[in-house]
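Hydrogens, waters and symmetry mates are skipped; everything else that's a heavy atom, side chains included, is used.
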Amino acid sequence: MANMIQSAKDSINDILAKAYDKAAQAGLLPAGAVLSGTVEIPKDSSNGDFAANHAMAGAKALHMAPRKIADALISNMELEGSWFSSVEAAGPGFINFRLADSWYADVLKAVTSEGDDYGRSNEGQGKKLMVEFVSANPTGPMHMGNARGGVLGDALASVLDRVGYDVWREFYVNDAGNQIEKFANSIDVRYQQLLLGEDKVEFPEDGYHGDDIKELARLFREAHGDAFLDRPVSERHEAMAKFGLDINIPKMQSDLRRYGIEYDQWFFESSLHESGYVAQTVEKLTERGYTYEKDGALWLKTSQILREHYAKAGKSQEEIERLELKDDVLRRANGFYTYFAADIAYHRNKLEQRHFDRVINVWGADHHGHVARLKGAMDALGLDGDKLDVVLMQLVKLTRGGEVVRMSKRTGKAISLTDLLDEIPVDAARYFFNSRPESPVEFDLELAIRQDSENPVYYVQYAHARICTLISALAAEGHPVPEKADASLLSTPEERELIKQLAALPEELHLAARDYDPSRLNRYVTELAARFHRFYTVCRIKGAEPEVQAARLLLADCVRRVIALSLGIVGVQAPEKM
């Protein structure tokens with residue numbers, strides 16, 4: 001599919017290569033060199049639409065002043081039939097190109113002909129790629145970190161799909177191990193307190209204290225009465241864990257569905273234990289010489305694995321020692337496997353059993369120390385730890401009127417994803433949370449519901465609705481959007497800048513996929529809306545000369561399409577009326 005900005009850059013490289021050959025044949029430049037350089041878009045468009053530094057980059061090889069090289073190249077350049085109307089040398093030897101009408105026309109043609117596929121590419125070549133995100137602990141409600149991780153993971157998966165990867169979305173359910181035992185015990189104690197009185201049974205300090213646990217205990221009592229009071233602890237806990245998870249997991253699924261997130265699979269940690277895959281994975285590490293026994297527990301030689309990993313990455317011994325590396329327990333003295341052992345097995349399953357070419361995890365920044373350990377464990381298993389990428393996201397701070405908000409107005413408790421979506425629109429939540437992962441988010445609850453240009457999601461959606469209203473009004477008057485128009489009539493700076501922004505989408509998608517940063521789409525579409533609003537203020541559409549009206553209407557419709565497409569990638573609606 002068309003990437004008109006990259007195509008223009010490729011065209012400039014081709015034009016310069018041909019100009020060099022011609023100048024060398026004429027004796028104006030030394031022959032036999034390879035002329036290369038970079039082509040960039042200048043910040044100031046008065047310096048041209050594209051600037052090439054080939055003359056400066058080639059000065060050493062050609063033993064000539066860059067400005068002289070630039071002049072020789074320009075004098076031997078053929079622009080006829082190209083996308084460029086003129087070229088000039090500037091400064092120390094930049095070669096600045098200005099776009100011709102044909103390029104602007106071809107941008108509009110690409111947007112209209114490719115439709116919903118505009119911006120798609122085959123960069124990923126159909127490689128299998130998994131994005132695992134949210135993976136919230138199923139023992140309680142989802143919090144703000146989960147809300148942010150949900151959007152970042154889902155939007156990233158959409159971006160990667162757009163550039164040609166075969167993308168799989170997955171939620172890893174931690175339904176085994178210590179936290180589930182603690183979950184079951186917390187329900188059990190609340191259940192006993194309901195039957196025997198709160199003063200008769202002490203609640204454990206490390207238990208889950210939330211009202212959601214009290215509610216699960218109440219529902220369990222409602223379903224079973226006092227029938228479980230005299231059952232063995234293990235039987236009670238097994239029943240209560242299952243009861244609680246059977247309520248919590250569907251609730252998580254429905255909350256995420258409401259948030260616009262659907263997964264290809266909910267993968268249960270318990271399945272790894274029940275199938276013996278965790279034990280088998282640990283055995284494999286033992287066979288490869290990476291475990292040892294101490295104090296009745298089985299340990300992973302994490303420090304040795306990471307020393308090897310960091311040495312391979314070029315770190316000095318001194319740097320490695322400063323990291324104070326420690327080993328990890330894989331199997332406790334009581335015979336139970338640790339969460340880390342299950343996590344290693346899960347990632348082995350991704351790479352070895354399901355053959356993903358790359359796996360991406362979206363984690364909170366507090367998991368930073370876990371990244372190298374897990375990559376190292378993959379290497380220790382003979383898998384490629386570099387196939388695992390982790391996107392670490394910073395914290396979320398909710399504010400209202402400049403004050404930090406920790407409690408829900410509706411429930412008086414810590415704000416959960418459900419509380420947030422009861423208070424603000426899903427579109428606003430998704431748009432605000434789709435920001436740079438490495439930056440903390442300050443989420444202004446009042447701004448998120450404002451209906452003015454200060455609210456960025458409203459600002460972009462309003463641009464889309466405004467275009468829909470305009471198209472509808474003109475169609476009613478007998479002026480539908482034309483299939484094609486004379487793009488040379490779109491000559492004002494506002495029109496040209498708007499078309500350039502339309503052309504930038506494929507490149508933005510490429511960069512968003514490369515950097516695992518779907519927030520580029522937010523910035524892109526906000527700028528597109530801004531350029532449209534400027535164009536709409538300066539360039540009259542309705543009532544302009546017929547041919548100019550047709551060209552501007554086609555341009556507005558292209559903007560409508562690309563706004564809807566960009567918002568769709570990040571899971572935000574593009575309303576036709578507001």
Side-chain angles (χ1 to χ4, degrees), residues 1 3 119-135 148-173 261-267 269 272 277 281 284 305-306 308-310 312-314 340 342-365 367-393 434 436-438 506-521 569-571:
M1 299 293 174
N3 181 336
R120 280 202 182 277
S121 73
N122 192 34
E123 189 180 319
Q125 299 177 330
K127 287 180 180 170
K128 281 183 68 180
L129 193 151
M130 180 201 283
V131 184
E132 183 223 319
F133 57 104
V134 181
S135 296
R148 188 179 189 198
V151 171
L152 286 173
D154 197 40
L156 176 57
S158 294
V159 164
L160 292 164
D161 171 77
R162 199 93 196 161
V163 300
Y165 289 95
D166 178 5
V167 181
W168 182 266
R169 291 166 167 87
E170 189 152 294
F171 188 116
Y172 181 54
V173 185
I261 296 173
E262 292 279 2
Y263 289 90
D264 293 295
Q265 185 170 352
W266 287 65
F267 190 104
E269 180 189 345
L272 295 169
Y277 196 73
T281 301
K284 193 169 182 183
I305 291 166
L306 289 180
E308 292 169 5
H309 172 80
Y310 288 130
K312 197 169 71 177
F340 187 41
D343 215 15
I344 294 170
Y346 175 46
H347 285 82
R348 176 190 166 209
N349 170 276
K350 292 180 182 185
L351 295 174
E352 192 175 277
Q353 304 300 120
R354 291 190 278 165
H355 307 292
F356 284 101
D357 295 299
R358 185 158 293 277
V359 296
I360 301 164
N361 295 345
V362 180
W363 285 349
H367 285 72
H368 180 269
H370 194 52
V371 178
R373 293 159 68 223
L374 195 53
K375 280 174 169 276
M378 294 302 102
D379 286 337
L381 284 164
L383 302 169
D384 183 359
D386 287 337
K387 284 185 174 179
L388 166 63
D389 289 326
V390 178
V391 176
L392 292 171
M393 58 173 185
N434 186 39
R436 280 192 176 99
E438 70 277 8
E507 184 65 10
E508 286 298 324
L509 285 164
H510 157 71
L511 294 171
R514 183 196 71 184
D515 301 339
Y516 295 165
D517 181 11
S519 71
R520 292 192 75 101
L521 270 292
I569 292 169
V570 297

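When all heavy atoms of V134 and G150 are compared, the pair lying nearest together is CG2-CA, 3.4 Å. A pairwise comparison of heavy atoms in V391 and P437 identifies CG1-CB, 3.8 Å as the closest pair. Heavy-atom minimum distance, V131 versus G153: CG1-O, 3.8 Å. The shortest heavy-atom contact between A342 and L272 is O-CD1, 3.8 Å. Closest non-hydrogen pair, V163 versus A513, comes out as CG2-CB, 3.6 Å. Looking at every heavy atom in both residues, S135 comes nearest to E132 through OG-OE2, 2.6 Å.
You'll find the side chain of F171 stays beyond 4.5 Å of the side chain of I261, heavy atoms only. Looking at heavy atoms from C-beta onward, H309 lies in side-chain contact with D379 at the 4.5 angstrom threshold.
How far CG of L521 is from OG of S158: 9.0 Å, rounded to the nearest 0.5 Å. Here the straight-line distance linking atom CG of L381 with atom OG1 of T281 works out to 6.5 Å at 0.5 Å rounding. Rounded to the nearest 0.5 Å, atoms CG (L351) and CE (M378) are 6.5 Å apart. Annotation: the span from D166 atom CG to L129 atom CG amounts to 8.5 Å, rounded to 0.5 Å. K350 NZ to K128 NZ: the interatomic distance, rounded to the nearest 0.5 Å, is 12.5 Å. Interatomic distance, CG of L160 versus CZ of R514, reported as 13.5 Å (0.5 Å rounding).
Few gaps surround CZ on R120; more than 12 heavy atoms of other groups in view lie less than 6.0 Å from it. Enclosure of atom NE2 in H367 by more than 12 non-hydrogen atoms of other residues, nucleotides or ligands within 6.0 angstrom is indicated.
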Listing, residues 382-390 side-chain donor-acceptor contacts under 3.5 Å, not counting sequence neighbours, or none:
{"unit_1": "D384", "atom_1": "OD1", "unit_2": "D386", "atom_2": "N", "d": "2.9"}
{"unit_1": "D389", "atom_1": "OD1", "unit_2": "R358", "atom_2": "NH1", "d": "3.4"}
{"unit_1": "D389", "atom_1": "OD2", "unit_2": "R358", "atom_2": "NH1", "d": "2.7"}
{"unit_1": "D389", "atom_1": "OD2", "unit_2": "Y516", "atom_2": "OH", "d": "2.7"}

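Remark: of the listed residues L509, N434, I569, N434 is the sole one forming a side-chain contact (heavy atoms from CB on, under 4.5 Å) with P518. Of the residues listed (W266, Y346, F133), the one engaging Y172 in a ring-ring contact (aromatic ring centres under 6.0 Å, His included) is Y346, and it is the only one. Test E123, H510, E507 against N3 for side chain to side chain donor-acceptor pair (under 3.5 Å) and you get one pass: E507.
Listed for the H347 side chain is a donor-acceptor partner under 3.5 Å among the backbone atoms of D343. A side-chain donor-acceptor contact under 3.5 Å links R169 to the backbone of D154.
Note that K127 lies outside the cation-pi zone of Y165, set by a 6.0 Å cut-off to the ring centre and a 45° limit from the axis.
The side chain to side chain contact (heavy atoms under 4.5 Å, CB included) check on Q265 picks up W168, E170, F267, R354, with sequence neighbours excluded. E508 meets the side chain to side chain contact (heavy atoms under 4.5 Å, CB included) test with R520, Y524; sequence neighbours excluded.
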